[in-house]
Amino acid sequence: MPEKPQFRAIKGTRDILPPDTALWNWFEHTAREIFESYNFREIRLPIFEQTDLFARSVGSDTDIVSKEMFTFRLPDGSERLATEGASSSQTGEQVSLRPEATASTMRAYIEHNLQALPGNVKLYCIGPMFRRERPQKGRYRQFYQLNAEILGQSDAPAIDAEVLEMLVVFFKHVGLTRTTLYLNSIGDKNCRPQYVELLRQELLKVKDQLGPDSQRRIETNPLRVLDSKLSQEQEIIAKLPRISDHLCAGCREHFARLKDELKLRGIVYEENWRLVRGLDYYTRTTFEVIAEGLGSQNAVCGGGRYDGLVELLGGPPTKGIGFAIGSDRAILSIQESGNLPVLPGLDVFVAWMGEPTYAAALAIARKLRESGVSVELPGEEMKFKKSLNLADKLGARYALIIGSDEVASCTFTLKRLADADQRKLSEYELLEYLESEKRGTRG
RNA sequence: GUGAGCGUAGCUCAGCUGGUAGAGCAUCGGUCUGUGGCACCGAGGGUCGCGGGUUCAAACCCCGUCGCUCACCCCA
């Protein structure tokens with residue numbers, strides 16, 4: 001009598017179950033291989049940090065920091081672990097679950113003096129992030145990202161281009177086709193404030209034609225008006241001044257050279273002057289990748305340059321660029337496209353018949369497992385028909401049949417379930433055969 | 001934070017103008033004591049999200065509440 005579940009996953013969190021976990025592991029493993037082929041190395045970071053780290057880097061006025069973080073106080077030293085009692089300390093350190101990974105990476109870079117390393121520092125990080133938003137398709141309160149960052153003294157456009165190349169190569173590798181890469185430059189500390197002010201003035205002239213959200217943004221963040229989805233605002237937005245016409249000489253040249261670099265590398269992109277990003281720290285290059293099959297939340301990757309962020313956090317003058325890929329969304333899009341990889345499952349189901357064969361079955365199962373074969377062996381005797389039926393339902397590639405005949409002749413009968421091809425093999429032949437099969441299919 | 005839609009078996013869903021619940025798939029068993037996918041037979045599994053109201057009678061109507069989903073905001 002199953003009872004109603006007493007506990008359920010917290011809103012916005014979810015369980016990822018087999019066989020989906022195989023897809024996730026493959027996705028993340030592919031990322032590691034591609035990123036490391038570009039000489040990125042993994043950094044593992046804490047899942048919570050001082051709240052102020054995020055406030056300063058992401059921007060205390062952003063929605064992420066002002067209303068979407070999971071924030072709590074650590075108990076101070078005078079308290080015991082707070083397993084009981086609601087009286088949480090007001091004096092403890094205020095910390096937050098990370099809403100993104102770049103801030104932590106910068107903190108680690110500064111804390112461990114990574115600027116002392118030779119060349120550019122190239123790091124990637126895989127793990128969960130937390131934002132207290134209302135869940136919807138492709139959006140969770142605990143979600144997963146792949147992050148990559150390049151930090152160093154240089155802001156050469158080739159660095160930006162390499163990051164974008166890696167991104168494109170990765171998406172191609174995981175079968176995430178039908179994506180669009182959007183590219184823009186949003187200027188730097190010199191030219192952007194002037195443009196934002198110009199934009200604000202222009203927006204004020206047409207204020208009464210805008211919706212309430214956009215009217216509010218004129219004061220809070222004029223750039224955000226540019227990516228409004230309201231159809232009645234599109235005509236007005238199209239006439240607004242564009243940042244590409246107001247970049248300073250340095251930013252203009254950087255953007256032009258980046259586009260040359262992308263051409264050299266054969267990267268296809270779409271320039272989008274309305275692409276603005278939500279985090280305060282971005283400068284110059286910004287980009288975003290959108291994918292199909294995702295509903296309204298269709299951005300699978302966002303990133304850009306953030307020169308000056310390390311300094312803002314108390315580190316040495318440093319240039320930086322990076323991106324975040326939303327794994328939940330990327331994997332959802334791959335699933336919706338049906339373009340799924342064939343992932344290894346159960347290789348062999350051992351169908352043994354009668355107690356006298358059990359010892360032989362156990363012995364060969366162990367040997368097969370030692371050679372990397374996935375084996376299922378029922379611990380209780382069952383009818384032979386039922387064994388094969390179960391082997392089939394479990395999706396086994398082979399049934400290994402062991403009865404009194406096989407034990408008497410020291411052989412095994414291997415049956416391929418897909419086409420019922422069946423052969424008698426010695427132990428040596430069996431191991432050889434399955435190992436070569438495994439190599440051939442390249443799991 | 002705002003708005004809309006939906007909550008009936010493990011899953012997908014029926015259930016007419018109110019008369020105290022069904023199907024398919026899945027699971028388990030049998031037909032079937034060394035050859036699976038098929039077929040047939042059978043079994044288990046639901047206080048119809050929860051609480052209240054109307055009624056002789058509520059899965060169905062009304063109110064509330066919780067949950068899920070999608071969208072807005074914002075973002076990966």
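Spacing of P atoms, A26(B) relative to G37(B), comes out at 12 Å, to the nearest Å. Across C50(B) and A21(B), the matching P atoms stand 15 Å from one another, rounded to whole Å. Atom C1' of C56(B) sits at a distance of 28 Å from the matching atom of A14(B), rounded to the whole Å. C28(B) and A9(B) have their C1' atoms separated by 15 Å, with the value rounded to a whole Å. C13(B) and U69(B): their P atoms are spaced 15 Å apart (whole Å). When the C1' atom is compared between G44(B) and G53(B), the two are found 36 Å apart, to the nearest whole Å. U47(B) and C40(B) have their P atoms separated by 30 Å, with the value rounded to a whole Å. Taking atom C1' in both U20(B) and U8(B), one finds a spacing of 14 Å when rounded to whole Å.
Heavy atoms of I401(A) sit under 4.0 angstrom from at least one base atom. In this structure, A351(A) reaches neither bases nor backbone, as no heavy-atom distance under 4.0 Å exists between it and the strands shown. S404(A) comes within 4.0 angstrom of a base, heavy atoms only. Contact annotation for E381(A): no contact, since no heavy-atom pair falls under 4.0 Å across all strands.
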Extract all donor-acceptor atom pairs below 3.5 Å that involve side chains of residues 289-299 of chain A and protein atoms in other chains or at least two apart in sequence.
residue : atom : partner : partner atom : Å
E292(A) : OE1  : R178(A) : NE           : 3.3

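To the nearest angstrom, C1' of G36(B) lies 13 Å from CE of M382(A). Distance, L346(A) CG to G36(B) P: 19 Å, rounded to whole Å. As a whole-Å value, the separation of N389(A) CG from G34(B) P is 15 Å. Atom pair K385(A):NZ and C32(B):P shows a separation of 10 Å (rounding to whole Å applied). One can place NZ of K424(A) at 15 Å from P of G34(B), the figure rounded to the nearest angstrom.
Dense packing is recorded around CZ of F72(A), with more than 12 heavy atoms of other residues, nucleotides or ligands lying under 6.0 Å away. Other residues, nucleotides and ligands contribute only 12 or fewer heavy atoms inside 6.0 Å of the NZ atom of K172(A). A 6.0 Å sphere centred on CZ of R132(A) holds no more than 12 heavy atoms belonging to other residues, nucleotides or ligands.
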| said: Please encode protein proximity along nucleotides 69-76 of chain B as a string of B, S and -, counting only heavy-atom distances under 4.0 Å. | reply: -SBBBBBB
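Atoms CZ and CH2, from F412(A) and W352(A) in turn, are 14.5 Å apart once rounded to the nearest 0.5 Å.
Although no hydrogens or angles enter the test, the distance criterion places a donor-acceptor pair under 3.5 Å between the side chain of H254(A) and the main chain of D155(A).
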| task | Apply side-chain contact (heavy atoms from CB on, under 4.5 Å) to L45(A) and R98(A), showing your working. | result | CA-CA 10 Å; L45(A) 297 162; R98(A) 62 182 184 192; 3.8 Å; yes
| message | For a side-chain contact (heavy atoms from CB on, under 4.5 Å) check, start with the C-alpha distance between E162(A) and E261(A), then their side-chain angles and the critical distance, and finish with the verdict. | response | CA-CA 9 Å; E162(A) 185 179 82; E261(A) 278 277 352; over 6 Å; no
| request: Assess whether salt bridge (charged side-chain N to carboxylate O under 4.0 Å, His left out) is satisfied between E271(A) and K259(A), documenting all intermediate values. | output: CA-CA 10 Å; E271(A) 198 168 333; K259(A) 287 186 272 191; 3.1 Å; yes
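In terms of position along RNA chain B, the nucleotide closest to Q422(A) lies nearer the 5' end than the nucleotide closest to the other residue of the pair I10(A) and Q422(A).
Interface remark: the K383(A) side chain does not form any donor-acceptor pair with the U33(B) base, using a distance-only criterion of under 3.5 Å.
Ring pair Y124(A)/F323(A): centre-to-centre distance not below 6.0 Å.
Taking only side-chain nitrogens and oxygens, K386(A) never comes nearer than 4.0 Å to OP1 or OP2 of U35(B).
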| said: Output the pairing pattern of RNA chain B as a dot-bracket string, 5' first, Watson-Crick or G-U wobble with both distances under 3.5 Å, | for cross-strand pairs, [ ] for crossing pairs. | reply: (((((((..((((........)))).(((((.......))))).....(((((.......))))))))))))....
